[in-house]
Amino acid sequence: MAKIRIYELARELGIKNNKDLVAEVKSLGIPIKGVMSTLSDDEANRVRRRHSSGSSGGSASGDSGGDGGRHPDRNAKPKVIRRRSQRQRPADREREKEKEREQEEAARVAAQPSPAPAVRRSEVRRRGQSPEASRSPERRDGSARQPARAPSGSGARAGEGAQRRAAAQASPGGQGAEPSGEAADTRIAPKVGDRIELPRGTRRFRDGLAAKIERREEVEERRRQDALEAARKAEAEARAQAAEAAAKKRAAEKAAAAVPVNPNARNVVRNEDGVIVAAASRRSEPTILGFIPLQTPPRRREVIITEANKGRTEGRATARKRREEKAQARGRRRPSRFRRGPSGPKQVSTVEMSEAKKRIRVDEVIQISDMAHQMGVKAARLIRTLWQQGMRNVTINSSIDVETAEYVAAEFGYTIENVSFQEDEILASYDDEGELRAPVVTIMGHVDHGKTTLLDYIRKAKVADGEAGGITQHIGAYRVDTNQGPVVFIDTPGHEAFTAMRSRGAAVTDIVVLIVAADDGVMPTTQEAIDHARKSDVPIIVAVNKIDKPEANVGRVEQMLMKEGLVGEDYGGETVISHISAKTGEGVDELLDLLGVQAEVLELVAPVKGPAAGTVIESRVDKGRGTVATVLVQAGELKKGDIVVANEFSGKVRNLLQPGVKNKRLKSATPSTPVEVLGLDGAPPAGMRFHVVESERDARQLVAHRREKRRRKESVLSGPSLLERIKSKKVPILKIVLKADVQGSAEALKHTLEDLSASKVRVEVIHAGVGGINETDVKLAMAAENPLIIGFNVKAVGKASKLAEHEKVPVETFSVIYEASDRVRERMIDLLEPEYREVPLGTADVRALFPIPRLGTVAGCRIIKGKVTRSSHVRVRRAGRVIYEGRIGSLRVFKDDVKEVKEGMECGIVVEGFSEVEPEDQLEAFELETIRPELE
Ligand SMILES: Nc1nc2c(ncn2[C@@H]2O[C@H](COP(=O)(O)OP(=O)(O)OP(=O)(O)O)[C@@H](O)[C@H]2O)c(=O)[nH]1
């Protein structure tokens, strides 16, 4: 394409001032910078046409003569207005060019001798019209139109057919009617049924490009009307300025005439109603391949098949919708990029969850992960909450119990619903009211203050009452009659059993008898007993014992009691203090009467009807009779044949026996009655509650639930943290398997032994049971690192002894608790690392050095203090500072090896592994003595 510069064009057009042409070119929207800018052929032609049309009006800028025209003041020096050249966008330039072309077209049409009105393509395609009638005006005026572009493929063939038809229909005499420049642009509008190709980008129907074109047509129509109106006005107003007005009028008429020509005629396809059914961009030439008649909707009677959608009768949106529906039907949600919301953070609902939904059901325990899931929070947050409470060993898989879960849930605004098995549904409930019952008394006090003697006295005097041989060696509880009514004594090892029961929540005791020896006074265990009683909120009756002894000092004891807050009535206080002699029985009856009175004051009542419930005082396995559980009935009536559940054991009551009286069977037992129960399938620990249930099925259910609960609790994290456990592994642990004759003793001894745990060694009773030491016990102990089997009032049975001997598992038996605890303490010390103590022997001064082959450097020394032995340890000190510590390698006097050199003598000493000894060094000899380590 040839290009021409502005100044060349100015010369061609005869414009003297190149800048005038620059301004004129710019006014046409052609982006140029100056006179050296180049114009394309097309642009140059536009300028030429513009210039020639301007010249016809007699106002060309190149016209040197004449005053009027466009530049009436052309001789005046133009005012220089510098503006930043606005950079036109290509689209704008394209529009401008198009507009220019339209105007040129309008001008050309206006210049035709007999201008025909523009015929819309829709008119051409109107149904029922003959091809001749639908032919375009160009056809009538003889212009033979050719498709601008050759279609390809089938479309090309179709296009050729259309061309041939168009050529056949073209008038032979029509040629040359149009300017040669337009010849290449000749085309014929397709009719219905014609196959033309719509290139890619062609849009259909009213929306999109078609709608734009229609809107543009409307705007242009309005503009045309406005221009005509302006022209009329201008004509009326500017009659006086005839020349200028005439020019304006012509220009306006030209512009008005230029608008109605449908510039987009070749870009749109209309149906017979004149509605645009397809459109292509201005640069595209639509080629319709065919039409498909549609039933509905009426406005869209045809679908144009183009290359782009050939073979399809649905739009992209419809196809997408159909695909999505299919995907949904298959259960998969196909994500639609078209339906996505605006980009940015996801919309989160902030609707508060209802309180009813903020409840988590927990069956005994719940896993952290499960709880977090139900609460909709990250497990890490729950773990952090637990860590803050010191539970450092919690992980996502850990389980926590209901209480812990309640705490955690509360932190997040949730509540816990305990949905675990409720024992209350099986166990009977009792009224608070009932009939008066006997008080239950526990005797507590310091060692050797006379507890056993008092109980023995009461038992012999009141229970056995002549039934010789009928008294068992050890009875858990017994009932005595006093002048004030019956009193039940719990005969156990004092406060240990009391503590054990209280720790299990068993409030068995109504009154505590605190026994204090009159010749000894208040001792540490006495104080401990007072604390226990106070914590249990149980009234205390003090029995000052051993008043028969000459050294008894009751007044001193009472003063000591006052310091503990127990002020006797004689001193204005409220504490009942009795003076007794358990040995002689003096004052014991009065004590019993006082207990009766105290019970009256307490108004102790219990329900006597309904299934029985109470507390296990102790249990043992009896040869021939099986498990014997001494229980205290506290509510209801216990009968033979009842189904009893105690802890994880159950059974049908085979027999009820009166404690302390051999084979004395009872038919039933009412509240505050101690009774031995036969029939349980295991020995329940002391302090456990027992209940009578309706059926064996209930019993099984209850026991199963309790066992499961225990197992779960064992798996639930509690107690010391993992770190503490790791640390504790460094401390040796003495692991004890404990067997006793009765459950109470086993419990008491277990607590006593475990209390011996010290910082250096710990004691752990890994099993405490009732009965002889059997093979199972030995095997259990064998698994431990530092085992010890203790039998309390029991011996090894069967092959247990041989097995223990073979496996080197120590077995020790005792009948006194403190002997057992002393022995265990020794065993604990045995586990400690040995300790050493330094014993100084003497000091030697180094006087000279003698290098001797085979021996190395021998230090010639003089013993200045004590002695030095061959087996001594030695410390080398130089100028007061220790520089080496080792052993003596050689000790000689002259050439003889000696065992010992005493003070004042001279000798040769070789320090083992050290040859840097120097004169004036001091050698300190000492021995290491092994000492037994201490627990604390
Ligand atoms: N003279 C005299 N001696 C008594 C009296 N009561 C107990 N004793 C003696 O005190 C010693 C200890 O009595 P226990 O009944 O075994 O004392 P305890 O409190 O049961 O001792 P532990 O069971 O070890 O706690 C025995 O030798 C009794 O004979 C008493 O009233 N007068």
Side-chain angles (χ1 to χ4, degrees), residues 441-464 471-478 480 489-501 509 512-533 540-558 560-561 577-592 594-595 617-618 660 686 740-742 744-753 755-756 792-793 814-824:
V441 178
T442 299
I443 297 175
M444 297 166 80
H446 192 63
V447 179
D448 282 351
H449 278 203
K451 297 185 293 291
T452 311
T453 309
L454 176 62
L455 284 168
D456 281 352
Y457 177 84
I458 295 169
R459 192 170 61 210
K460 280 176 190 163
K462 302 290 176 183
V463 182
I471 302 168
T472 55
Q473 190 64 37
H474 192 107
I475 41 176
Y478 52 85
V480 297
F489 283 95
I490 303 287
D491 179 15
T492 56
H495 67 270
E496 283 153 354
F498 188 87
T499 309
M501 287 192 189
T509 305
V512 163
V513 170
L514 182 70
I515 196 156
V516 188
D519 61 341
D520 201 14
V522 174
M523 300 302 285
T525 319
T526 317
Q527 291 169 328
E528 218 175 283
I530 294 168
D531 286 345
H532 282 303
I540 301 170
I541 290 180
V542 179
V544 180
N545 192 26
K546 302 189 186 182
I547 55 168
D548 60 303
K549 281 186 126 178
E551 58 269 40
N553 187 343
V554 176
R556 177 175 157 270
V557 172
E558 288 185 343
M560 289 174 86
L561 287 167
I577 299 177
S578 67
H579 304 155
I580 62 163
S581 170
K583 198 171 185 180
T584 63
E586 184 186 347
V588 174
D589 282 343
E590 287 77 8
L591 175 66
L592 294 174
L594 283 171
L595 291 171
I617 303 300
E618 66 171 37
D741 53 342
V742 293
S745 299
E747 287 286 322
L749 193 56
K750 180 175 183 280
H751 285 116
T752 305
L753 297 181
D755 283 350
L756 294 175
F792 189 76
N793 287 336
F814 306 92
S815 54
V816 182
I817 286 184
Y818 66 79
E819 282 179 5
S821 58
D822 285 352
R823 183 70 190 116
V824 166

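Just so you know, ligand 1 is whichever comes first in the structure, and atom 1 is the first atom listed for that ligand. On a predicted model such as this, the values are computed, not experimentally measured, just so you know.
Between Gly450 and ligand 1, a contact under 3.5 Å exists for at least one N or O pair. For ligand 1, none of its N or O atoms has an N or O atom of Ile547 under 3.5 Å away. Residue Lys549 has no nitrogen or oxygen atom sitting less than 3.5 Å from a nitrogen or oxygen atom of ligand 1, judged on distance alone.
Contact detail for Ala820 and Leu749: the closest heavy-atom pair is CB-CD1, 4.1 Å.
In terms of protein heavy-atom proximity, atom 24 (O) of ligand 1 is closest to Val447 CG1, 3.6 Å. Asn545 ND2, 3.1 Å is the protein heavy atom nearest to atom 6 (N) of ligand 1. Among protein heavy atoms, the minimum distance from atom 3 (N) of ligand 1 is reached at Lys583 CD, 3.7 Å. Of all protein heavy atoms, the one lying nearest to atom 22 (P) of ligand 1 is Asp448 N, 3.9 Å.
Distances from atom 20 (O) of ligand 1 to the heavy atoms of Asp456, Thr452, Leu455 put Thr452 nearest. Comparing heavy-atom distances from atom 9 (C) of ligand 1 across Lys546, Lys451, Met444 singles out Lys546 as nearest.
When side chains are defined from C-beta on, Val542 does not count as touching Val557, because their heavy atoms never get closer than 4.5 Å.
Side chain of Lys546 to backbone of Gly450: no donor-acceptor contact under 3.5 angstrom is found. Formation of a donor-acceptor pair under 3.5 Å by the Lys583 side chain with backbone atoms of Ile547 is not found in this model. A donor-acceptor pair under 3.5 Å is absent between the side-chain atoms of Tyr457 and the main chain of Ser581, judged by distance alone.
Here the options are Asn545, Leu595, Leu594, the test is side-chain contact (heavy atoms from CB on, under 4.5 Å), and the partner is Ser578; only Leu594 passes.
Distance check: Glu558 CD to Ile577 CD1 gives 4.5 Å after rounding to the nearest 0.5 Å.
Residue contacts with ligand 1 for Thr453 involve both N, CA, C or O and side-chain atoms from C-beta outward (heavy atoms, distance under 4.0 Å). With a 4.0 Å cut-off on non-hydrogen atoms, Asp548 touches ligand 1 through its side chain and not its backbone.
Those atoms of ligand 1 that come under 4.0 Å of a heavy atom in His446, given as number and element, are 19 (O).
Looking at residues two or more places apart in sequence or on another chain, you find a salt bridge (Lys or Arg N to Asp or Glu O under 4.0 Å) between Arg823 and Glu812, Glu826. Among residues two or more places apart in sequence or in another chain, the side-chain hydrogen bond (donor to acceptor under 3.5 Å, both in side chains) test is passed with Asp448 by none.
Shown here, atom 18 (P) of ligand 1 is in close reach of the protein: a heavy atom of it lies under 4.0 Å off.
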